[in-house]
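Below is one structure, written out as structure tokens; comments come after it.
Every value quoted in this text rests on a predicted model; they were computed, and no experiment measured them.
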Amino acid sequence: MYKAKQKEINVGEIIKPYISKWWWFLLSVLLMILFGIFYIKTVAPVYNIQSSVLIKDAKKMSSASGDFSVLQSLGGLSSMGTNSIENEIEIFKSKQIVSDVLKKQNLQTSLYVKQGLHHLELYKSSAPIKVIIVNEKEVEQGPKKPIEINLKGNSFVLSSKEWDQEIKGEYNRTINLPFANIIVTKNPDFKPSTLNKLDKNHLFLNYSTFEATVDSYQEALQVNLVEREATVIALSIASQNKEKGKDFLNNLVYEYNHDAVKDKNKESEKTTQFIDDRIVIISKELGDVEDKKENYKSQNNIVDLQTEARINLQTKEVTKSKLLTLGTQLELQNILLNFLNNKDLKEVLPVNIGIENGDAAKSILEYNTLVMRRNNLLQNATPENPMVKEADAQLQAMKSSIRQSLSKSITAINLAKNAAESELNNSEVKIGSIPAQEKVFRNIERQQQLKESLYLLLLQKREEAAISMAITVEKARIVDSAYVLKKLVAPQTKVILLIAVLIGLLIPAVYIYLKILLNTTITNKNDVAKLSSTKVLVELPHINKGDNDTVQLNDLSPLAEAFRILITNFKFLLPKKDSSKIIYVTSTVKGEGKTFVSVNLALTLATPKHKVLLIGADIRNPQLQRYNIEKKNAKGLTDFLYDPEIELSEIIHQSKRNNNCDVIFSGTIPPNPTELLSNGNFKKLLDIFGNQYDYIIIDTAPIMLVTDTLLYSEYSDLVLYVVRSEVTRKDFIEFSDNLIAEQQLKNVGFVINDVSANNFGYGNKYGYGYSAMEKKWLQKLKDKLF
């Protein structure tokens with residue numbers, strides 16, 4: 001674990017890495033905006049088409065509808081709630097209606113033409129051809145890619161990347177494709193002006209199975225209430241072609257009305273059919289009675305019995321009228337009961353045929369309403385659906401109730417009829433003087449009147465049913481025909497560009513955050529300050545390619561200014577003594593710039609007033625010679641350590657960069673460096689030059705790799721511990737702190753090397769030195785890019 005100091009959160013330091021890379025954000029946003037514009041150009045416009053209809057006689061389903069359905073099944077209130085607006089919404093979205101529209105409008109296929117970077121959908125007057133699906137083949141899936149159609153005079157060529165070879169075809173002839181048989185015809189309504197500057201002979205065909213097309217249109221279709229308490233339904237669909245979307249919605253309303261009218265007429269049609277069947281039967285029975293009357297009158301020479309009957313039967317007229325009415329009702333109810341027993345649950349019952357049983361008539365109307373509701377449910381459900389089963393149970397209960405009502409009514413009529421016939425018989429006994437022929441004739445005439453009355457009643461009811469069918473109106477009234485909204489569904493330019501900007505800002509931000517999060521190296525003095533209590537003396541700037549990496553005489557560069565700051569800061573740490581002040585320059589591992597610091601520190605300290613000696617003490621991997629290639633094989637420190645009697649003039653070399661600076665190079669690389677450094681001759685060397693130089697700068701070996709530096713660390717007055725920005729690992733700071741805590745290194749100060757302008761702990765706006773000029777933002781951007 002790193003040793004960290006408790007420190008207040010510095011918001012400036014948190015956001016500084018992001019601000020310093022502002023040009024990343026600028027470039028990223030510009031690139032994302034360009035990508036967003038390219039995406040917008042590649043996406044075909046998608047329009048939102050809307051329509052609205054008013055549903056007549058529809059009701060809002062209350063929140064208690066679930067509980068009320070139980071009352072319906074118990075109390076025979078089956079007609080309530082069946083025409084709710086919620087049901088009508090589901091009908092609009094049903095597969096049956098959508099399928100009918102797609103079939104009649106031939107919307108299973110789509111034609112496109114290339115327009116810029118996207119495809120333009122063709123429809124009606126803009127389509128040169130029509131594609132008709134004759135039949136689909138049983139395949140696992142249709143084509144995944146569009147089919148290219150190249151028109152050539154009276155023929156055309158179909159091709160696809162999924163096919164091995166092209167298919168040639170002619171107009172108005174069946175073409176065998178892998179997934180379907182189709183017919184291509186020329187469109188007589190095509191207007192070439194709609195495709196100006198576009199290739200009319202190179203088209204693209206999108207095909208999907210009919211089931212998949214229905215599913216896609218169902219998914220795209222939006223059906224909602226305009227307002228919560230209203231019965232106005234809003235229909236909308238997104239489409240690339242305005243006319244195609246409008247046609248779909250308008251025809252959807254037409255098919256809805258067509259189905260609604262057809263459902264309403266089913267009851268009238270059943271009633272008319274029933275009446276027509278009964279008229280045929282009653283007509284035959286009436287003819288038989290009239291023939292019987294004619295034969296009887298002929299056989300018995302009867303001409304006119306009305307006058308005689310009027311005199312003798314006035315007292316019986318009231319009884320006859322009553323008996324006639326009872327007979328009519330008995331006949332009608334028997335007919336209706338027989339019809340009820342012979343029909344299943346899915347057929348409606350005849351109504352309005354003249355029965356005087358009010359309860360039965362009301363129950364029949366409710367029964368018919370429930371039958372039509374059940375049949376509507378079966379269009380989008382199976383007989384096993386819970387709602388269908390519930391309707392079947394209700395129908396069975398209602399059918400039983402109607403049967404019981406009719407049976408009770410027939411029994412009551414029979415009792416009344418028996419009473420009337422008894423009364424009539426009593427009257428006939430009183431008129432025993434009437435001839436037997438008159439009785440028979442009156443009986444025949446009574447049967448004739450009964451049949452005539454029933455016949456006329458059936459004719460009247462047939463006309464009423466015909467009128468009811470003729471005046472059936474549409475269920476949905478169009479409030480607004482299909483129209484196109486001005487706002488596009490896609491592409492949403494503002495949203496896409498906004499997302500592009502956000503992504504453009506997010507990408508570099510995430511990259512910088514992850515880089516910071518995963519960074520295991522130090523970048524500036526703030527990182528070191530968080531990990532160690534040892535003072536940071538200076539941050540040395542990064543040297544760009546082509547810049548001089550050594551301090552020159554009278555140098556005002558940022559590098560020279562940085563080393564002057566270093567000298568100013570460490571002077572407070574040096575002890576006051578008359579002999580040379582010995583400064584060690586070390587690091588944790590190689591490559592952190594200790595030799596670079598040693599050379600430039602020596603050159604900066606060397607002045608006419610101050611003599612400086614620079615010693616290359618990294619005898620295992622000497623780097624000091626790279627600043628003076630000519631002295632690569634020169635004698636140096638190892639030669640003195642091996643033979644202290646050597647002439648000092650052989651190992652001391654004057655720096656060619658500064659006459660006030662002398663250099664002792666590392667010398668020959670020895671096989672036993674540890675023994676040489678610990679034989680005491682290193683101390684002798686420091687003592688020899690102790691009064692000849694003001695400063696002795698020693699370029700030591702890396703501490704973590706070898707122990708050479710620790711062998712003579714006790715001779716130092718100050719240790720400059722070099723760490724390199726974005727190279728030195730953070731755990732190396734812990735290693736150095738342990739050495740300092742154990743007193744193996746004394747009087748230590750950190751020098752942070754190679755700090756980029758963006759990483760300076762105290763800002764980099766003005767730079768070092770009076771000669772440093774702030775660059776213009778354009779030049780900065782140029783430097784970043786190139």
Side-chain angles (χ1 to χ4, degrees), residues 37-47 49 102-137 139 141-210 212-213 216-217 220 238-248 484 488-491:
I37 293 173
F38 175 77
Y39 174 77
I40 292 170
K41 295 294 184 182
T42 58
V43 175
V46 178
Y47 304 93
I49 294 91
L102 296 180
K103 287 178 182 177
K104 293 179 180 180
Q105 297 299 310
N106 190 31
L107 300 180
Q108 185 175 350
T109 58
S110 301
L111 280 174
Y112 297 88
V113 67
K114 187 75 173 177
Q115 184 184 47
L117 297 176
H118 66 267
H119 286 174
L120 174 68
E121 185 174 5
L122 307 179
Y123 182 70
K124 283 191 173 179
S125 61
S126 63
I129 59 174
K130 291 183 178 180
V131 179
I132 303 170
I133 306 298
V134 178
N135 64 284
E136 295 182 341
K137 297 181 180 180
V139 293
Q141 59 183 9
K144 297 181 180 179
K145 297 181 180 179
I147 300 169
E148 295 186 33
I149 304 178
N150 291 303
L151 306 180
K152 299 178 180 179
N154 293 324
S155 63
F156 51 86
V157 176
L158 303 177
S159 61
S160 172
K161 295 180 180 179
E162 300 177 356
W163 302 345
D164 295 332
Q165 58 184 6
E166 297 178 342
I167 298 176
K168 295 182 179 180
E170 296 181 2
Y171 294 108
N172 303 317
R173 291 193 177 183
T174 302
I175 303 168
N176 184 12
L177 298 181
F179 47 84
N181 291 323
I182 67 171
I183 294 177
V184 178
T185 64
K186 289 186 177 181
N187 183 11
D189 299 325
F190 172 58
K191 296 179 181 178
S193 59
T194 58
L195 299 181
N196 284 338
K197 298 181 180 179
L198 298 179
D199 190 354
K200 309 175 185 62
N201 296 321
H202 188 198
L203 308 177
F204 297 88
L205 172 67
N206 274 357
Y207 169 87
S208 60
T209 62
F210 186 75
T213 305
S216 65
Y217 270 86
S239 175
Q240 292 185 18
N241 189 285
K242 300 177 184 178
E243 295 301 321
K244 188 175 185 179
K246 290 164 67 175
D247 280 356
F248 175 79
V484 182
L488 292 177
V489 175

Item to complete: Show your reasoning for whether side-chain contact (heavy atoms from CB on, under 4.5 Å) applies to Leu107 and Tyr217.
Response: CA-CA 10 Å; Leu107 300 180; Tyr217 270 86; 4.0 Å; yes

Worksheet item: Under the salt bridge (charged side-chain N to carboxylate O under 4.0 Å, His left out) rule, what pairs show up with a residue in residues 163-174, not counting sequence neighbours?
Response: Glu170-Arg173

Response to the item:
Which of Leu111, Val113, Val157 passes side chain to side chain contact (heavy atoms under 4.5 Å, CB included) with Ile149? It is Leu111

Worksheet entry | Leu177 side chain near Trp163 side chain, heavy-atom distance below 4.5 Å | yes

Practice prompt. Check salt bridge (Lys or Arg N to Asp or Glu O under 4.0 Å) between Lys130 and all other residues, then give those that pass, not counting sequence neighbours.
Written response: none

Worksheet item: Hey, what do you get for CG (Leu205) to OG1 (Thr109), rounding to the nearest 0.5 Å?
Response: 5.5 Å

Practice prompt. Verify, without hydrogens or angle tests, whether Asn241 (side chain) and Glu121 (backbone) share a donor-acceptor contact under 3.5 angstrom.
Written response: yes

Worksheet item: Hey, is NZ on Lys137 packed in by over 12 heavy atoms from elsewhere, all under 6.0 Å?
Response: yes

Worksheet item: Residues two or more places apart in sequence or in another chain: which of them pass ring-ring contact (aromatic ring centres under 6.0 Å, His included) with Tyr207?
Response: Phe179

Worksheet item: For the atom pair CD1 (Ile129) and NZ (Lys186), what is the distance rounded to the nearest 0.5 Å?
Response: 10.5 Å

Item to complete: Answer yes or no: are there more than 12 heavy-atom neighbours, outside Tyr39 itself, under 6.0 Å from its atom OH?
Response: no

Practice prompt. For residues Ser125 and Glu243, determine if any side-chain heavy atom of one lies less than 4.5 Å from a side-chain heavy atom of the other.
Written response: no

Worksheet item: Is there a donor-acceptor pair closer than 3.5 Å between any side-chain N or O of Asn181 and the backbone N or O of Thr174?
Response: no

Worksheet item: Which pair of heavy atoms, one from Ala127 and one from Asn187, lies closest together, and at what distance?
Response: O-ND2, 2.8 Å

Discussion item. Is it the case that atom CG in Asn196 sees more than 12 heavy atoms from other parts of the structure closer than 6.0 Å?
Written reply: yes

Discussion item. For the NZ atom on Lys191, are there more than 12 heavy atoms of other groups (residues, nucleotides or ligands in this structure) within a distance under 6.0 Å?
Written reply: no

Worksheet item: After noting the C-alpha distance and the side-chain angles of Tyr112 and Leu203, does the key distance pass the side-chain contact (heavy atoms from CB on, under 4.5 Å) rule?
Response: CA-CA 6 Å; Tyr112 297 88; Leu203 308 177; over 6 Å; no

Fill in: CD on Gln105 to NZ on Lys244, rounded to 0.5 Å
11.0 Å

Discussion item. Using modelled atom types and a 3.5 Å cut-off, is there a donor and acceptor pairing between side-chain atoms of Glu162 and backbone atoms of Lys144?
Written reply: yes

Worksheet item: Hey, are the side chains of Asn206 and Pro146 touching, using non-hydrogen atoms and a 4.5 Å cut-off?
Response: yes

Worksheet item: Would you say the side chain of Leu151 lies within less than 4.5 Å of the side chain of Lys200, judging by non-hydrogen atoms?
Response: no

Worksheet item: Distance from Lys103 atom NZ to Thr213 atom OG1, nearest 0.5 Å?
Response: 12.0 Å

Practice prompt. Tell me, please, which residues at least two apart from Tyr171 pass ring-ring contact (aromatic ring centres under 6.0 Å, His included).
Written response: Phe156

Worksheet item: Quick one: does Asn172's side chain have a donor or acceptor within less than 3.5 Å of a partner on Ile183's backbone?
Response: no

Practice prompt. To the nearest 0.5 Å, tell me how far Leu195 CG sits from Asn201 CG.
Written response: 10.0 Å

Worksheet item: Can you name the residues that form a ring-ring contact (aromatic ring centres under 6.0 Å, His included) with Tyr123, not counting sequence neighbours?
Response: none

Discussion item. Return the CG to CD1 distance between Leu158 and Ile182, rounded to the nearest 0.5 Å.
Written reply: 5.5 Å

Fill in: 4.5 Å side-chain heavy-atom contact, Lys246 and Val484
yes

Response to the item:
Those residues at least two apart in sequence (or on a different chain) that pass side chain to side chain contact (heavy atoms under 4.5 Å, CB included) with Val46 are Ala238, Gln240, Val489, Ala490

Discussion item. Counting C-beta onward and ignoring hydrogens, is there a side-chain heavy-atom pair between His202 and Lys114 closer than 4.5 Å?
Written reply: no

Fill in: Candidate pair Ile133 and Phe210, rule side-chain contact (heavy atoms from CB on, under 4.5 Å), full reasoning
CA-CA 10 Å; Ile133 306 298; Phe210 186 75; over 6 Å; no

